[in-house]
Amino acid sequence: MSPDQFARRVLHPENGWMSLDDVAAMYAWHGDHHIAHIRNYREHYRAARA
């Protein structure tokens with residue numbers, strides 16, 4: 001997508017008006033956040049079973 005297309009705005013149900021660039025960044029962070037939870041759980045689960 002072009003920078004102009006990423007600058008288009010959408011209405012997010014919780015955050016209000018956001019650019020597509022901001023929405024993409026937010027969901028990228030959100031996915032990384034879930035991965036961190038899974039890694040943390042895995043480390044603690046393995047430590048508890050050792």
Side-chain angles (χ1 to χ4, degrees):
M1 288 176 48
S2 72
D4 285 342
Q5 290 171 316
F6 272 108
R8 292 189 323 209
R9 294 166 45 93
V10 296
L11 183 58
H12 186 277
E14 295 175 355
N15 298 331
W17 289 101
M18 300 176 69
S19 70
L20 290 175
D21 188 50
D22 289 338
V23 172
M26 178 180 67
Y27 282 106
W29 173 88
H30 192 89
D32 288 344
H33 184 71
H34 280 285
I35 290 169
H37 277 279
I38 292 166
R39 286 181 176 149
N40 187 41
Y41 172 80
R42 216 172 41 187
E43 288 175 18
H44 288 293
Y45 179 75
R46 287 180 182 160
R49 294 189 54 145

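This is a predicted model, so every value here is computed, not measured.
- A continuous path of Ile, Leu, Val, Met, Phe, Trp and Tyr side chains, each step under 4.5 Å between heavy atoms, connects Val10 with Met1, placing both in one hydrophobic cluster.
- Classified by interplanar angle (parallel below 30°, tilted 30° to 60°, perpendicular above 60°), the ring pair Trp29/His33 is parallel.
- Atom-to-atom distance recorded for Asn40:CG and Arg42:CZ is 10.5 Å, nearest 0.5 angstrom.
- Between Arg8 atom CZ and Asp21 atom CG the span is 12.5 Å, to the nearest 0.5 Å.
- Residues forming a side chain to side chain donor-acceptor pair (under 3.5 Å) with Asn15 (at least two apart in sequence, or on another chain): none.
- With sequence neighbours excluded, the residues forming a ring-ring contact (aromatic ring centres under 6.0 Å, His included) with Tyr41 are Tyr45, listed by chain and number.
- Nearest heavy-atom pair across Ala7 and Ser19 is O-CB, 3.9 Å.
- Between Asp22 and His12 there is no side-chain heavy-atom pair separated by less than 4.5 Å.
- Nearest heavy-atom pair, Val23 versus Met18, reported as atom, atom and distance to 0.1 Å: CG2-CB, 3.8 Å.
- Connectivity analysis of hydrophobic side chains (ILVMFWY, heavy atoms under 4.5 Å, direct or indirect) links Trp17 to Leu11.
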